[in-house]
A.B. asks: 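Questions regarding the structure given below will be posed in turn.
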Amino acid sequence: MAIRIDGRKISGIIKDEVRDSVEKLRKEGVEITLAVVQVGEDPASTVYVGNKKKACAYTGINSRAYNLPESVTEAELLALIDELNGDESVNGILVQLPLPPHISESRVIKAISPLKDVDGFHVQSAGALMTGEPGFLPCTPAGVIELIKRTGVDITGKECVVIGRSNIVGKPMAMLLLRENGTVTVCHSKTKNLREVAKRADILVVAIGRPKFIDASYVKEGAVVIDVGIHRNEGGKLCGDVDFDSVEPKAYAITPVPGGVGPMTIAMLMKNCVAAYRLQKSI
Ligand code: L34
């Protein structure tokens, strides 16, 4: 039986660490505030944003919610971001994705001050990750690294295979694994022999966005399998990109969905909010 990597438990430990830092800062008269912007009412986004607000309440971070209608214009959203950039009482700005098709995600992300980019999506944050400069790490890949490390697995020298090459998961995930001295391969929709490549992995990170796509035939015996996908079926039941029941008997350790990577994304966001305050103070 594989180790079931408990993202809820590990995220709880990290949130407790953050809560301690926030409490210490509060005693020095410092408050930390996250602005959470949601456009429209996508039910999944509402759940994720709600979980972020709960985590803020738990850790003592102030959260300020901005709920904009689906019909909001890009100019109006950019104006709000501008206002939040200039508001000294706001340490972090998060604009929940996806945005409606009439709004350019890349323009919105670029408009966020790099000093408040707690998602780590800004080109400056991406560049800092690439070159090893200080900057915000994207929450989901940073959370995956924590899950692996806190399971007692050393990444150094391991064959790491990332499936998926998005700007918010796949690419930064590869950079972080490289930074941990893994030997990293990135696979995507044009990859030939995906099964064979995936089967080389000691550490397999799956972020393709297709329900239960990865079964045991893609997995080496004894691999660590991290499932970044999250899907809801008609009945509202959640599953990941990995066919858990098929892969679990073959893996050394595996993350479930829910209760794996999702809660870690949120815990790392809380960490980034404290990092934001420190970064802003040092400049
Ligand atoms: N700007 N947009 C921005 N930043 C992010 O970091 C995100 N992401 C992704 C979507 N858009 C974003 C999230 O917050 C995905 N994501 C996210 C956050 C939390 C959870 C899942 C995805 C989460 O809480 N997952 C729970 C289950 C929640 C449920 O019931 O649906 C879990 O246990 O996996």
Side-chain angles (χ1 to χ4, degrees), residues 4-12 14-15 34-58 63 65-68 77 80-81 84 92-100 103-112 114 116-122 125-126 136-144 146-147 164 166-173 176 205-209 211 226-242 244 254-273 276:
R4 186 184 282 237
I5 303 175
D6 189 341
R8 282 199 193 107
K9 186 166 153 203
I10 298 173
S11 71
I14 293 171
K15 282 189 286 184
L34 172 66
V36 184
V37 182
Q38 186 181 351
V39 178
E41 286 161 11
D42 172 69
S45 292
T46 301
V47 172
Y48 306 154
V49 164
N51 288 349
K52 290 175 189 190
K53 290 176 191 161
K54 272 188 222 151
C56 283
Y58 182 82
S63 68
Y66 297 85
N67 297 306
L68 306 178
L77 177 55
L80 171 62
I81 291 171
L84 297 172
I93 302 171
L94 178 138
V95 180
Q96 188 71 15
L97 303 179
L99 290 170
I103 298 178
S104 154
E105 290 187 351
S106 89
R107 272 199 291 273
V108 167
I109 290 167
K110 269 187 255 174
I112 296 171
K116 299 188 177 184
D117 175 36
V118 285
D119 260 328
F121 292 168
H122 193 282
S125 305
F136 295 106
L137 300 180
C139 303
T140 300
V144 169
E146 288 293 327
L147 285 178
S166 71
N167 286 335
I168 64 176
V169 183
K171 281 191 246 175
M173 189 72 249
L176 282 176
V205 181
V206 187
I208 33 182
I226 309 287
D227 189 352
V228 181
I230 182 159
H231 312 274
R232 246 184 196 77
N233 71 12
E234 308 79 52
K237 198 173 167 337
L238 295 173
C239 76
D241 291 347
V242 174
F244 186 92
I254 182 167
T255 61
V257 178
V261 172
M264 292 302 291
T265 298
I266 292 172
M268 301 315 283
L269 173 68
M270 299 299 108
K271 249 185 126 153
N272 276 353
C273 291

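One is the number of the first residue; the rest follow in order along the sequence. Both counts, for ligands and for their atoms, begin at 1 and track the order of listing. Reckoned from all heavy atoms, side chains included, excluding hydrogens, waters and symmetry mates.
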A.B. asks: Who's touching ligand 1 if we go heavy atoms under 4.0 Å?
C.D. replies: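 For ligand 1, the residues that come within the 4.0 Å heavy-atom cutoff are Val47, Tyr48, Asn51, Lys52, Val95, Gln96, Leu97, Asp119, Phe121, Ile230, Arg232, Leu238, Pro258, Gly259, Gly262, Pro263, Thr265, Ile266.
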A.B. asks: Salt bridge (charged side-chain N to carboxylate O under 4.0 Å, His left out) with Arg4: which residues, sequence neighbours excluded?
C.D. replies: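 Residues passing salt bridge (charged side-chain N to carboxylate O under 4.0 Å, His left out) with Arg4: none at all.
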A.B. asks: Under 3.5 Å, side chain of Glu41 to main-chain N/O of Thr46, donor-acceptor pair present?
C.D. replies: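 Not at all, since once roles are kept as given, no pair shorter than 3.5 Å links the two residues.
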A.B. asks: For the pair Asp241 (side chain) and Asp227 (backbone), establish whether a donor and an acceptor sit closer than 3.5 Å, ignoring hydrogens and angles.
C.D. replies: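 Between the backbone of Asp227 and the side chain of Asp241 there is no qualifying donor-acceptor contact (under 3.5 Å).
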A.B. asks: Does NZ belonging to Lys110 count more than 12 external heavy atoms closer than 6.0 Å?
C.D. replies: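 Count not over threshold, so no.
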A.B. asks: State whether a side-chain donor-acceptor pair under 3.5 Å links Gln38 with Ser45.
C.D. replies: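 There is no such pair (donor and acceptor under 3.5 Å, judged by atom type) between the side chains of Gln38 and Ser45.
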A.B. asks: If we check side-chain contact (heavy atoms from CB on, under 4.5 Å) with Thr140, which of these qualifies: Leu269, Ile168, Val228?
C.D. replies: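 Of all the options given, the one that passes is Val228.
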